[in-house]
A.B. asks: 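Just dropping this structure here.
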Protein chains: 2
Amino acid sequence: MNAASADQPAPRRSKPDVVDAAMSVLAENGIAGLSMRRIADELDVQVSALYWHFPNKQALLAAVSARMVTGESDAESDAPDLTATATALRDRLLAHRDGAEVVSSSLALGLLDLPARQRLVDAALAAGLTDAAAEVAADTLVHYVIGFTFHEQQRVHAAVIGAADASVDLSPARLASPDASPDDDFAAGLALIVSGIRSAAVAGR
Amino acid sequence: MNAASADQPAPRRSKPDVVDAAMSVLAENGIAGLSMRRIADELDVQVSALYWHFPNKQALLAAVSARMVTGESDAESDAPDLTATATALRDRLLAHRDGAEVVSSSLALGLLDLPARQRLVDAALAAGLTDAAAEVAADTLVHYVIGFTFHEQQRVHAAVIGAADASVDLSPARLASPDASPDDDFAAGLALIVSGIRSAAVAGR
DNA sequence: ACCTGAACACCGTTCAAGT
DNA sequence: ACCTGAACACCGTTCAAGT
């Protein structure tokens, strides 16, 4: 039907095209289904073609991660705020299927720069921390945001698979306060850390 | 040499034997090299034999995780202490190659009970938090410990592979205070959270 | 009860060769 | 510069069959 009549100049793909394809495969299949072959299929290309654009899968994943955590809102936030920046990072991760896991691995491998981290450092400095303490505070918040969101997103996946039974599916925190949502739990834990950071500012004076 | 002369009664393996084999494969090859086939080889058994003992790889990993985080020191600690319990959990994770990653996935899938979490809840209650706040505090600490250690252990791996260059290999915190070790950074972040928890105890009174 | 042997449906990565 | 086609060395899981 289309083999002989095709007169197209054979469309060539760019790096951003590959990232686009990877992100749509991720959205549809999750990180477990994000294979190089599926990405290639999405682009109507052979798997080996991907290796001209990226040296390996991790590098492609790092580019996907950068897309997730980098955006317009970076310049908007005028006054640096710990809670707002941490919450915005969480929202970014939640906006993509398995976002926390993808970002976590790129970050740990040193393949990703997290813009939110610098904003957290600035906010901590503005709160009165020393340079060294501000770095520690930023890393603590980043670990908390990614850890919490990773856990939350993996649980969604586990629920779909049915791997965990109903009793385990409820986190212990939910038993203590049955009305709390993940958002509330996240905010409560975040408030704890931010409060600790404020104390450090006072103590370090 | 040994095929015809073998008179052994064909040794059968138990569940703990499989976990033993998995842990030694993990120690030698890391989580990336922890395959069902390598575990089977370690036991001198066919891969399919593993599926009589465990329904799938995740269940085996959960049993490995439980070994890592459960131990004798659980009953020893008389007075519940937030800092000591969090530090002890970190030490457990560090004691095994890729320990944080293995435990993290089992935990997120709801396949692992973390004894340290209950001890953290108890410590938070003893510090004066409400029931709901103590659960949040425990989860916050668990996320921090696992997130920090996971990041640290992945970086070790990245350094071995040589994936990250030297400039990225140094965390930003290290640039600010060049003498700080991972242990110091961990302790500093932990102190931040514990301080926040103490504030919550005062505020909730 | 515990394990073998063989298969199924996949993986990431490499590489000569084409245009 | 960008991609194909084919191969290499792996995966997790299933299942009939053996003892």
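Lettering of chains follows the sequences in order, A, B, ..., and the numbering in each one begins at 1.
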A.B. asks: Determine, step by step, whether A:R12 and A:D17 satisfy the salt bridge (charged side-chain N to carboxylate O under 4.0 Å, His left out) criterion, reporting the C-alpha distance in whole Å, the side-chain angles of both residues, the deciding distance to 0.1 Å, and the verdict.
C.D. replies: CA-CA 9 Å; A:R12 319 233 102 167; A:D17 290 338; over 6 Å; no

A.B. asks: What's the spacing between A:L26 CG and A:H96 NE2 if we round to 0.5 Å?
C.D. replies: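 It is 8.0 Å, given to the nearest 0.5 Å.
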
A.B. asks: Give, ordered by number, those residues of residues 37-48 of chain A having at least one heavy-atom distance below 4.0 Å to an atom of DNA chain D; if nothing qualifies, reply none.
C.D. replies: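 Hits under 4.0 Å, by residue number: A:V45, A:Q46, A:S48.
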
A.B. asks: Watson-Crick or G-U wobble partner for D:dA1, using a 3.5 Å limit on both distances?
C.D. replies: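 Across all strands, the one nucleotide that pairs with D:dA1 is C:dT19.
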
A.B. asks: Whole-Å distance between D:dT19 P and B:R12 CZ?
C.D. replies: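 Taking atom P of D:dT19 as the reference, CZ of B:R12 is at 12 Å.
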
A.B. asks: Take the protein atom CG of A:D17 and the nucleotide atom P of D:dC2, then report the distance between them rounded to whole Å.
C.D. replies: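 Atom CG in A:D17 sits about 11 Å away from atom P in D:dC2.
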
A.B. asks: D:dT13 P sits how many Å from B:F54 CZ, rounded?
C.D. replies: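 Going from CZ in B:F54 over to P in D:dT13 covers 13 Å.
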
A.B. asks: Measure the distance from OH on A:Y51 to P on D:dA6 and round it to the nearest whole Å.
C.D. replies: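 So the OH-P distance, A:Y51 to D:dA6, works out to 19 Å.
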
A.B. asks: What is the separation between atom CG on B:L50 and atom P on C:dC3, rounded to the nearest whole Å?
C.D. replies: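 About 9 Å, once rounded to whole Å.
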
A.B. asks: Taking atom P in both D:dA9 and C:dC10, compute the distance separating them and give it to the nearest angstrom.
C.D. replies: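 These two P atoms come out 22 Å apart once rounded.
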
A.B. asks: Take the protein atom NZ of A:K15 and the nucleotide atom P of D:dC3, then report the distance between them rounded to whole Å.
C.D. replies: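 Rounded to the whole Å, the gap is 13 Å.
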
A.B. asks: Strictly by Watson-Crick or wobble contacts shorter than 3.5 Å, is anything paired with D:dA7, and which nucleotide is it?
C.D. replies: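 Base-paired to C:dT13.
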
A.B. asks: Please measure how far the P atom in D:dC2 lies from the corresponding atom in C:dA17, and state the result in whole Å.
C.D. replies: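 Here D:dC2 and C:dA17 have their P atoms 22 Å from each other.
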
A.B. asks: Report the distance from atom CE of B:M36 to atom C1' of C:dC3, rounded to the nearest whole Å.
C.D. replies: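 That distance rounds to 14 Å.
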
A.B. asks: Rounded off to whole Å, could you give me the NE2-to-P distance for the B:H53 and C:dC3 pair?
C.D. replies: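 Result: 4 Å.
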
A.B. asks: Can B:R90 be said to sit on top of B:F186's aromatic six-ring, NZ or CZ under 6.0 Å from centre and within 45° of the ring axis?
C.D. replies: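 Geometry flag: set, cation within 6.0 Å and 45°.
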
